[in-house]
Number of protein chains: 4
Amino acid sequence: MQRLNWGLIGGGEGSQIGPAHRLGALADGHFALAAAALDADPARGRDYGARLGIAPGRAYGDWREMLAGERGRDDRPELVTVATPNSTHFEITKAFLEAGFHVLCEKPMTMTVEEGEEIVRIAQAMERICAVNYCYSAYPMVREMRHMVASGTLGRLRLIVASFSHGHHGDAAQADNPRVRWRYDPAMAGISGQFADCGIHALHMASFIAGDEVERLSADFASTIASRALEDDAMVNFRLSNGTVGRLWTSSVAIGRQHGFDIQVFGETGGMRWASEQPGQVMYTPLGGRTQIIEKGEAGLSEDATRLSRVAIAHPEGFPMAVANIYVDLAAAIRGERTGALPLAGDGLRSMAAVHAAVASAGQQGAWVDARPPMFR
Amino acid sequence: MQRLNWGLIGGGEGSQIGPAHRLGALADGHFALAAAALDADPARGRDYGARLGIAPGRAYGDWREMLAGERGRDDRPELVTVATPNSTHFEITKAFLEAGFHVLCEKPMTMTVEEGEEIVRIAQAMERICAVNYCYSAYPMVREMRHMVASGTLGRLRLIVASFSHGHHGDAAQADNPRVRWRYDPAMAGISGQFADCGIHALHMASFIAGDEVERLSADFASTIASRALEDDAMVNFRLSNGTVGRLWTSSVAIGRQHGFDIQVFGETGGMRWASEQPGQVMYTPLGGRTQIIEKGEAGLSEDATRLSRVAIAHPEGFPMAVANIYVDLAAAIRGERTGALPLAGDGLRSMAAVHAAVASAGQQGAWVDARPPMFR
Amino acid sequence: MQRLNWGLIGGGEGSQIGPAHRLGALADGHFALAAAALDADPARGRDYGARLGIAPGRAYGDWREMLAGERGRDDRPELVTVATPNSTHFEITKAFLEAGFHVLCEKPMTMTVEEGEEIVRIAQAMERICAVNYCYSAYPMVREMRHMVASGTLGRLRLIVASFSHGHHGDAAQADNPRVRWRYDPAMAGISGQFADCGIHALHMASFIAGDEVERLSADFASTIASRALEDDAMVNFRLSNGTVGRLWTSSVAIGRQHGFDIQVFGETGGMRWASEQPGQVMYTPLGGRTQIIEKGEAGLSEDATRLSRVAIAHPEGFPMAVANIYVDLAAAIRGERTGALPLAGDGLRSMAAVHAAVASAGQQGAWVDARPPMFR
Amino acid sequence: MQRLNWGLIGGGEGSQIGPAHRLGALADGHFALAAAALDADPARGRDYGARLGIAPGRAYGDWREMLAGERGRDDRPELVTVATPNSTHFEITKAFLEAGFHVLCEKPMTMTVEEGEEIVRIAQAMERICAVNYCYSAYPMVREMRHMVASGTLGRLRLIVASFSHGHHGDAAQADNPRVRWRYDPAMAGISGQFADCGIHALHMASFIAGDEVERLSADFASTIASRALEDDAMVNFRLSNGTVGRLWTSSVAIGRQHGFDIQVFGETGGMRWASEQPGQVMYTPLGGRTQIIEKGEAGLSEDATRLSRVAIAHPEGFPMAVANIYVDLAAAIRGERTGALPLAGDGLRSMAAVHAAVASAGQQGAWVDARPPMFR
Ligand SMILES: NC(=O)c1ccc[n+]([C@@H]2O[C@H](COP(=O)([O-])OP(=O)(O)OC[C@H]3O[C@@H](n4cnc5c(N)ncnc54)[C@H](O)[C@@H]3O)[C@@H](O)[C@H]2O)c1
Ligand SMILES: NC(=O)c1ccc[n+]([C@@H]2O[C@H](COP(=O)([O-])OP(=O)(O)OC[C@H]3O[C@@H](n4cnc5c(N)ncnc54)[C@H](O)[C@@H]3O)[C@@H](O)[C@H]2O)c1
Ligand SMILES: NC(=O)c1ccc[n+]([C@@H]2O[C@H](COP(=O)([O-])OP(=O)(O)OC[C@H]3O[C@@H](n4cnc5c(N)ncnc54)[C@H](O)[C@@H]3O)[C@@H](O)[C@H]2O)c1
Ligand SMILES: NC(=O)c1ccc[n+]([C@@H]2O[C@H](COP(=O)([O-])OP(=O)(O)OC[C@H]3O[C@@H](n4cnc5c(N)ncnc54)[C@H](O)[C@@H]3O)[C@@H](O)[C@H]2O)c1
């Protein structure tokens, strides 16, 4: 197995998500870090790239420089990851796709629905993969849940209840701290705060597990800290295409919840529950039966859940391994092998349409609005 | 301490809530069962009453008979509990209040807002206690949470997130079973199914802990089993008078949740969480600090939480003891002693107003509507 | 159903276990408190008895007085509960049995094996019930576990691992507090501290669930606070008659464990686990299958577990209801009806033999010793 | 940062622990897999090595071949990992240490105490690192517990209670399956089964957290499946040098426990608890205070716990990252930088002495025996 060359944009020293990408891409030996533009500060980016072992000249100060330097090389990256702040995702992703690179873009993929549609079209036209890092969907047990729904274990789905809530922005005294403030400032974060930041992970997962799409929604937004222009708490009711009812709560002022991402899925013949803080287990209850604990690594799980688990039953495999699973599937896709269910540009676009729909609904007292991007209606 | 005479209407043999009332009223020796009309079937009611040790002639076949037989006695009950099906609560409660009895009425107190207002007025006019059995509010640790909010531990409240969801009506094949069907049939259950049955417990608790009232709400109802006219799943967003944001999910098709009543309360300086399946603990997180487990029975709890706990720290005290605590406070109130926060007719009325508001909102695509009873606006 | 007259010795105002006995005996209406000698202080005992509603003259200052006053009455108690300090159990229990009363004695039943054998003989000779308050064995789900073992669900038992550990005596600064000190002082507590206080509950439960008896054991005792003559921490390895391996840890210095009583039972075809802080659930794992949660109140449980549960599935039923179940079974036994598995004098005797065996073993560097009372060898 | 060359022996395709080593060594980019002898079958080993991207000629069929091929190279591995079956650890580790390589050896390091002492002496003489893969000690929160003890948060330690129990060998019908049988066959596994396999992890952790050594112990072994010559269940009581009491249960027939490794540590001023299935949290209770949840990634943790955590608070970091932390510390040690507390040959030797002591004790009815290797007495 030859390693694939990999490029990374953003995710510099001290960044939040950078370590997970580096761990994820390198862990299984599928990728080698060949080129990067790691930091908003060119000198810091080059220096850190050198320390990460990137060959001289390939640790760039800027993504445009990197695009220029890499596009013509024989050993250019097969995959480029975009892990910069949200507002830059669109132009970087677009530029690399157009130059024929496969891209893994952080969420949210774009700031507008139009940009999202453009990315989908470019990826299609260029016949390149544009994946979006909905990494929770790559936990083995989330794949197992998707498999259980697809194979009919739960019957027709009736109801999905998800939450992604934490309390890390609950301190009003910190609201003006620049590391926090930008998230609730429309000038920097766009039209949505907490829902665009965390809610879309949960909304994607609902679709992902259901194997269905969000059709319409109604939202209630709140800025519980007065100085915030954007919501720090949101409740979104939605319906999937086949009528499944959805309920999604997301908050950043839920003091005491740390990484409170969980999802419950209820169908005609059973229910199940998963939580990101104990990601190796699914609680499953067949209709009329007892709740059972499905363990990552147990015998008889689906091919996908089995393939994406690396260590023995009940040995926890954390968040970095979920990101690594995205890279496993990307490597396979790039090599033309069969992959699991990678989140793609279409998913990123749907999220953006849902964000815009939720903002519109919240602005109209919770009116129900179409949540689909025009191109998928 | 002289036992108080007690009368029970409904709660016959095999009923769901009857045992909790009998245990609750008798457990501490405050009440003695003096008279009863236990069953819809007069003969069964008389027979069961006799087996419970009620004196001959005071185990009635019917509540009207009981009212007639008891109202003139010197040793008539000081308190009458109404534990019959919902549609009968109003007339029975009204009749006994008007005859000068104290009443503990099961929830929901009435079927309409008008009836609720009438009960409030009668109780006031007669100077009788009309309590409503929001028994979860009598768990020591729920009282502790209320105390913590009142004493400012959490600062101004921002957000309350509650759920009361189970899966016991999730079997479509059982939907026509009469024990289940009536709950979703407007002819028998009134205008609301699951929200009026379980949701109002959670809504009451939100108000109870916050020490504040629900002002307006927006609802999304679903009948996930097609044959049901009334909702088996509901999401209600609400606002308390002081602006606290509320979110409440209730469901009877959440297969795998057994007694899924839990509540999270978030304020400016902390958050907390309680669940009915582990009622002796509160998870409390001060802003910027670690999550702590507050245990029923630990030193230094509020007077109310301490008073209502009967056995040592970490010995579980279950649902029957919560109901018993309602009776403890009723006995104290009847004796003119200081009590904790008994849920009263005003609370029952507010619930009814909220039910009607939620139905109206759900029928108008989630429009926000006033949730207060006219008499409290 | 006629109430049975009941007498209570000890369990006075402010006592630890008294409230559980009063709740337990009264809750279901099987017993009425007819006579009592509640307190070491005669005046306090009489006064409290009067406040509990005992008829004048039947609230005694002393158990001997009570025995004298009650033995000749027609309406004398059918059952007398002994809830005084340990060293008095033997003489009180003996005296009441010999006078023909049924007795429920608190644990430990006696201080010596010889006393224990004497109680067994007297109960037999008098044809009276002498029960011992191993109340945890009366939780519905503990009865269910016993049933599962008896009906072969786990196959032959291989291993039982139990612990009963708390940290409430972990503060060295409190070691001289009289409420704590007596427990580790041989003059008052006898030959064993924590093992005789809590360990025997766990040892009884192991036997109870297994339906088998402890044959031999090896113990390691420690006094982790130097001033203590008796152990505050103990590990006991044991073997049941049929070879099942047992391991039991008990501690009073396990700071952070509150009511840490749990038991795991492993057989050829499955394992299960129960914890006293969540007593309504058993975690059960069939060999080769998934862990399942068995819920109190679910359909299809054994007759005994069903009968002893009072409220609906997943509504917690706490410690007072476990004690009440002991009284339910006592009432049935007194009435000559079929009962579940009441812990009897033989069980109390076996505990005493095990305590003496453990002390002997701990004193001989963990040598294995016979744990059976001579009369049962 | 230059990658260090790394060699791997054992851990071939389909092996249990191989993936964790590859993930762990590669994840952070400290090591590059330069040479390997991966499999008992030379052809399979060479082929798999090639597929892992090892340069032609450096994927060896055999460790002796690898030693011969690598020892003279300039770019020879700086670290060699030994992940072969237990009985081969000694000779491979010895050979590579003597040739001047740093070694990370899987546990148990050797089969006898004498071999263990020899390894310690060789590592010392050669001035090479010989680490042992007690990888659980590299979880950030285990490091935090060690730090808390060292800095006096718990006061003098009184008691440590550990268990490492699972049920994966609980099926008697599988007892003759070769994958299971060898573990209980003295010819292949040596003198101890489950205790040498899992128990020593827990025993090491007790020492590690306490910062103290096991001095003496008493053991009770059981073979609950009759055909087994070696124990599948063991209880070991021990004492640390400073008198701390220890209790350790390990089992492979605990059906329903999956990866049941947990440890409780109790001192004069507090207690704490950690479990391998939720490795990012420590439950900590200060004397007289409430139980608190310490979260990996929270502010204010020790330098070591902070350094070894890669993703944000409450994002789980599983078993592969614990192994990676061993490699992080090895890379630092090789580079002469400051490291955390790496488990070294002395720890491997102590484990071996404890295994031999436990076997001796179990064979003498639990007699207390010295658990220290002669060279450390
Ligand atoms: N998938 C997930 O679970 C997840 C989790 C966290 C963050 N994210 C996403 O990852 C992205 C980055 O978030 P973060 O929290 O790591 O942010 P961060 O602010 O911690 O780090 C951003 C990094 O990008 C670098 N950067 C900024 N502008 C750049 C530019 N023009 N060129 C190159 N580098 C540049 C910064 O120097 C920094 O190193 C965001 O889009 C965020 O939404 C996703
Ligand atoms: N507070 C709570 O937590 C809680 C829990 C369950 C039920 N409830 C409420 O308690 C009430 C009873 O519910 P349930 O589940 O016990 O119902 P159920 O159907 O199990 O029992 C109702 C009982 O009332 C008797 N009854 C019916 N009509 C009567 C009449 N006219 N006169 C005398 N007796 C009559 C029936 O014979 C039966 O014994 C309902 O209002 C319900 O909402 C409250
Ligand atoms: N089964 C259980 O789970 C459990 C739990 C706690 C205690 N206990 C047992 O219950 C017994 C009492 O324990 P406690 O913790 O309640 O003790 P306590 O000290 O709190 O109360 C003892 C009570 O007995 C009274 N008393 C003492 N001597 C008396 C006498 N000679 N005559 C009448 N009354 C007398 C005292 O005044 C006091 O009211 C002990 O044997 C203890 O082991 C059992
Ligand atoms: N630290 C831990 O948590 C942990 C966990 C599991 C296993 N282990 C240890 O790891 C070691 C391996 O265990 P495993 O479960 O992976 O075993 P395994 O049987 O699954 O794999 C052993 C691997 O070593 C290879 N091998 C055997 N003999 C060899 C030789 N002479 N030269 C080269 N390769 C050889 C085999 O082909 C196989 O690939 C054991 O010592 C075990 O105790 C440690």
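Here is how names work: the chains are called A, B, and so on, in the same order as the sequence lines, proteins then strands, and each is numbered from 1. Nothing here was measured: the structure is a model prediction, and the numbers come from that model.
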Asks: Would you mind checking which part of A:Leu287 comes under 4.5 Å of any heavy atom in chain B, side chain (CB onward), backbone (N, CA, C, O), both or neither?
Replies: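 Backbone plus side chain of A:Leu287, per the 4.5 Å heavy-atom cut-off to chain B.
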Asks: Looking at A:Gly366, A:Ala222, A:Gly170, which makes the most heavy-atom pairs under 4.5 Å with chain B?
Replies: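 Option with the greatest count: A:Gly170.
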Asks: Which region of B:Ala226, side chain (C-beta onward) or backbone (N, CA, C, O), has a non-hydrogen atom less than 4.5 Å from a non-hydrogen atom of chain A, or is it both or neither?
Replies: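 Neither part.
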Asks: Please identify each residue that fulfils side-chain contact (heavy atoms from CB on, under 4.5 Å) with A:Ala202, with sequence neighbours left out.
Replies: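 So A:Ala202 forms a side-chain contact (heavy atoms from CB on, under 4.5 Å) with A:Ala162, A:Phe164, A:Leu248, A:Phe261.
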Asks: Check each atom of A:Ala234 against the heavy atoms of chain B and say whether the ones under 4.5 Å are side chain, backbone, both or neither.
Replies: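 Only the backbone of A:Ala234 comes within 4.5 Å of chain B.
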Asks: If I measure from the heavy atoms of chain A, does B:Phe221 come under 4.5 Å with its side chain, its backbone, both, or neither?
Replies: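 For B:Phe221, backbone heavy atoms alone lie under 4.5 Å from chain A.
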Asks: For B:Val245, is it the side chain, the backbone, both, or neither that has a heavy atom closer than 4.5 Å to a heavy atom of chain A?
Replies: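 The side chain, not the backbone.
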Asks: Name the option with the most non-hydrogen atom pairs under 4.5 Å to chain A; the candidates are B:Ala254, B:Gly271, B:Gly270, B:Ala172.
Replies: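 Heavy-atom pair counts peak at B:Ala254.
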Asks: Does any heavy atom of chain A fall under 4.5 Å from the side chain of B:Val265, the backbone, both, or neither of them?
Replies: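 For B:Val265, no heavy atom lies under 4.5 Å from chain A.
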Asks: Just by distance, which donor-acceptor pairs between chain B and chain A come in under 3.5 Å?
Replies:
residue	atom	partner	partner atom	Å
B:Arg156	NH2	A:Thr224	O	3.4
B:Arg158	NH1	A:Gly170	O	2.7
B:Arg158	NH2	A:Gly170	O	3.2
B:Gly170	O	A:Arg158	NH1	2.7
B:Gly170	O	A:Arg158	NH2	3.3
B:Asp220	O	A:Arg247	NH2	3.4
B:Asp220	OD1	A:Arg239	NH2	2.7
B:Asp220	OD2	A:Arg239	NH1	3.0
B:Asp220	OD2	A:Arg239	NH2	3.3
B:Asp220	OD2	A:Arg247	NH1	2.9
B:Thr224	O	A:Arg156	NH2	3.4
B:Asp233	OD1	A:Arg247	NE	2.7
B:Asp233	OD1	A:Arg247	NH2	2.7
B:Arg239	NH1	A:Asp220	OD2	3.1
B:Arg239	NH2	A:Asp220	OD1	2.8
B:Arg239	NH2	A:Asp220	OD2	3.3
B:Arg247	NE	A:Asp233	OD1	2.7
B:Arg247	NH1	A:Asp220	OD2	3.0
B:Arg247	NH2	A:Asp220	O	3.4
B:Arg247	NH2	A:Asp233	OD1	2.7

Asks: Does any backbone or side-chain atom of B:Ile225 lie under 4.5 Å from a heavy atom of chain A? Answer side chain, backbone, both or neither.
Replies: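 Just the side chain, heavy atoms under 4.5 Å.
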Asks: Mind ranking B:Met235, B:Met272, B:Met283 by heavy-atom pairs under 4.5 Å with chain A and telling me who comes out on top?
Replies: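 The option with the most such pairs is B:Met235.
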